S.K.: 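Here it is: the structure, laid out below.
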Amino acid sequence: MAGVLIGLALLAFWLYSVFDVITTPEDDVRNVPKTLWLLIVALIPLLGGIFWLMYGRPNGPGEAWQAQRQPASRQPAPKGPDDDPDFLRDLDRRMRGED
(Lines give C-alpha, C1' and ligand atoms only; values in the text may rest on other atoms or scores of the structure.)
Protein backbone atom coordinates (compact mmCIF):
# COMPACT_ATOMS: atom_id res chain seq x y z
CA MET A 1 0.00 0.00 0.00
CA ALA A 2 2.83 2.41 0.81
CA GLY A 3 4.38 1.71 -2.59
CA VAL A 4 1.14 2.68 -4.33
CA LEU A 5 0.95 5.96 -2.40
CA ILE A 6 4.57 6.79 -3.20
CA GLY A 7 3.96 5.96 -6.85
CA LEU A 8 0.87 8.19 -6.97
CA ALA A 9 2.78 11.03 -5.29
CA LEU A 10 5.61 10.72 -7.83
CA LEU A 11 3.11 10.65 -10.70
CA ALA A 12 1.36 13.75 -9.34
CA PHE A 13 4.68 15.57 -8.97
CA TRP A 14 5.72 14.59 -12.50
CA LEU A 15 2.39 15.74 -13.97
CA TYR A 16 2.63 19.02 -12.05
CA SER A 17 6.16 19.60 -13.31
CA VAL A 18 5.27 18.85 -16.95
CA PHE A 19 2.19 21.08 -16.79
CA ASP A 20 4.20 23.87 -15.13
CA VAL A 21 6.87 23.75 -17.85
CA ILE A 22 4.22 23.81 -20.59
CA THR A 23 2.30 26.74 -19.12
CA THR A 24 5.33 28.90 -18.26
CA PRO A 25 5.93 31.62 -20.87
CA GLU A 26 9.07 31.12 -22.97
CA ASP A 27 10.55 34.46 -21.83
CA ASP A 28 10.28 33.57 -18.13
CA VAL A 29 12.15 30.24 -18.30
CA ARG A 30 15.65 30.37 -16.79
CA ASN A 31 18.99 28.80 -17.82
CA VAL A 32 18.00 26.64 -20.84
CA PRO A 33 15.24 26.82 -23.49
CA LYS A 34 11.73 25.72 -22.59
CA THR A 35 11.80 22.78 -25.02
CA LEU A 36 14.90 21.37 -23.35
CA TRP A 37 13.28 21.76 -19.92
CA LEU A 38 10.25 19.84 -21.17
CA LEU A 39 12.50 17.01 -22.37
CA ILE A 40 14.43 16.95 -19.07
CA VAL A 41 11.25 16.82 -16.98
CA ALA A 42 9.57 14.24 -19.23
CA LEU A 43 12.55 11.87 -19.48
CA ILE A 44 13.90 12.11 -15.92
CA PRO A 45 10.69 12.32 -13.86
CA LEU A 46 11.83 12.96 -10.27
CA LEU A 47 15.18 14.66 -10.81
CA GLY A 48 13.93 16.58 -13.85
CA GLY A 49 11.05 18.02 -11.82
CA ILE A 50 13.35 18.96 -8.96
CA PHE A 51 15.83 20.61 -11.35
CA TRP A 52 12.96 22.46 -13.04
CA LEU A 53 11.73 23.87 -9.73
CA MET A 54 15.24 24.87 -8.63
CA TYR A 55 16.85 26.13 -11.84
CA GLY A 56 14.29 26.58 -14.61
CA ARG A 57 11.13 27.95 -13.12
CA PRO A 58 10.71 31.72 -12.77
CA ASN A 59 11.48 32.89 -9.24
CA GLY A 60 7.97 34.24 -8.80
CA PRO A 61 5.77 37.24 -9.41
CA GLY A 62 8.12 39.44 -7.38
CA GLU A 63 10.64 39.75 -10.23
CA ALA A 64 8.13 40.95 -12.80
CA TRP A 65 6.46 43.23 -10.27
CA GLN A 66 9.73 44.92 -9.33
CA ALA A 67 10.56 45.59 -12.98
CA GLN A 68 7.21 47.32 -13.53
CA ARG A 69 7.13 49.21 -10.23
CA GLN A 70 6.66 52.96 -10.45
CA PRO A 71 9.21 55.39 -9.03
CA ALA A 72 8.67 56.29 -5.38
CA SER A 73 8.31 60.00 -6.14
CA ARG A 74 5.22 59.45 -8.27
CA GLN A 75 1.92 58.83 -6.49
CA PRO A 76 0.11 55.74 -7.84
CA ALA A 77 -3.24 56.20 -9.54
CA PRO A 78 -6.33 55.21 -7.54
CA LYS A 79 -7.41 51.63 -8.08
CA GLY A 80 -11.12 52.34 -7.83
CA PRO A 81 -13.53 55.23 -7.33
CA ASP A 82 -13.63 54.72 -3.57
CA ASP A 83 -9.83 55.27 -3.45
CA ASP A 84 -9.99 58.59 -5.31
CA PRO A 85 -10.30 61.53 -2.86
CA ASP A 86 -11.66 63.87 -5.56
CA PHE A 87 -14.43 61.42 -6.42
CA LEU A 88 -15.34 60.96 -2.75
CA ARG A 89 -15.39 64.72 -2.17
CA ASP A 90 -17.67 65.23 -5.20
CA LEU A 91 -19.93 62.36 -4.12
CA ASP A 92 -20.25 63.80 -0.61
CA ARG A 93 -21.10 67.21 -2.05
CA ARG A 94 -23.80 65.73 -4.32
CA MET A 95 -25.31 63.68 -1.47
CA ARG A 96 -25.65 66.79 0.68
CA GLY A 97 -27.46 68.60 -2.11
CA GLU A 98 -24.79 71.23 -2.66
CA ASP A 99 -24.74 70.49 -6.39
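All values reported here derive from a predicted model rather than from experimental measurement.
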S.K.: Quick check against the 3.5 Å criterion: does Trp14 have a side-chain atom that pairs as donor or acceptor with the backbone of Ile44?
M.R.: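 Not a single qualifying donor-acceptor pair exists.
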
S.K.: Are Met54 and Val41 in one and the same hydrophobic cluster, where Ile, Leu, Val, Met, Phe, Trp and Tyr link if side-chain heavy atoms are under 4.5 Å apart?
M.R.: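 Shared cluster, yes.
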
S.K.: In this structure, which one of Val18, Leu43, Val29, Thr24 forms a side chain to side chain contact (heavy atoms under 4.5 Å, CB included) with Leu38?
M.R.: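 So the option named by the test is Val18.
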
S.K.: State whether the side chain of Trp37 and the backbone N or O of Arg30 hold a donor-acceptor pair below 3.5 Å, judged by distance alone.
M.R.: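 Side chain of Trp37 to backbone of Arg30, a donor-acceptor pair under 3.5 Å: yes, one is there.
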
S.K.: Taking Trp52 as the fixed residue, which of Asp20, Ile40, Leu47 is the one that meets the side chain to side chain contact (heavy atoms under 4.5 Å, CB included) rule?
M.R.: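 Of the listed residues Asp20, Ile40, Leu47, the side chain to side chain contact (heavy atoms under 4.5 Å, CB included) partner of Trp52 is Asp20.
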
S.K.: Test of understanding: clusters of I, L, V, M, F, W, Y form through side-chain heavy atoms closer than 4.5 Å, transitively. Do Leu11 and Leu53 belong to the same one?
M.R.: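 Leu11 and Leu53: one cluster.
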
S.K.: Using the rule that two of Ile, Leu, Val, Met, Phe, Trp, Tyr join whenever any of their side-chain heavy atoms come within less than 4.5 Å, decide whether Tyr16 and Leu8 are in one cluster.
M.R.: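 Different clusters: Tyr16 never reaches Leu8 through Ile, Leu, Val, Met, Phe, Trp or Tyr contacts under 4.5 Å.
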
S.K.: Can you name the closest pair of heavy atoms from Ser17 and Gly49 and give their distance?
M.R.: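 In terms of heavy atoms, the two residues are closest at OG-CA, 3.5 Å.
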
S.K.: Assess whether a salt bridge exists between Asp92 and Arg89, defined as any Lys/Arg side-chain N lying under 4.0 Å from an Asp/Glu carboxylate O.
M.R.: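 Looking at Arg89 together with Asp92, the answer is no, because their closest N to O distance does not fall below 4.0 Å.
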
S.K.: Quick check: does any side chain N or O of Asn31 sit under 3.5 Å from a backbone N or O of Tyr55, one acting as donor and the other as acceptor?
M.R.: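 A pair under 3.5 Å: yes.
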
S.K.: To the nearest 0.5 Å, what is the distance between CD1 (Ile22) and NZ (Lys34)?
M.R.: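 Rounded to the nearest 0.5 Å, the CD1-NZ separation comes out at 7.5 Å.
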
S.K.: Going hydrophobic residue to hydrophobic residue with side-chain gaps under 4.5 angstrom, can you get from Phe19 over to Ile50?
M.R.: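 The answer is no; the residues belong to distinct hydrophobic clusters.
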
S.K.: Using the rule that two of Ile, Leu, Val, Met, Phe, Trp, Tyr join whenever any of their side-chain heavy atoms come within less than 4.5 Å, decide whether Leu46 and Leu36 are in one cluster.
M.R.: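 Same cluster: Leu46 reaches Leu36 through Ile, Leu, Val, Met, Phe, Trp or Tyr contacts under 4.5 Å.
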
S.K.: Between atom CG of Asp84 and atom CG of Leu91, what is the distance when rounded to the nearest 0.5 Å?
M.R.: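 It is 11.0 Å, given to the nearest 0.5 Å.
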
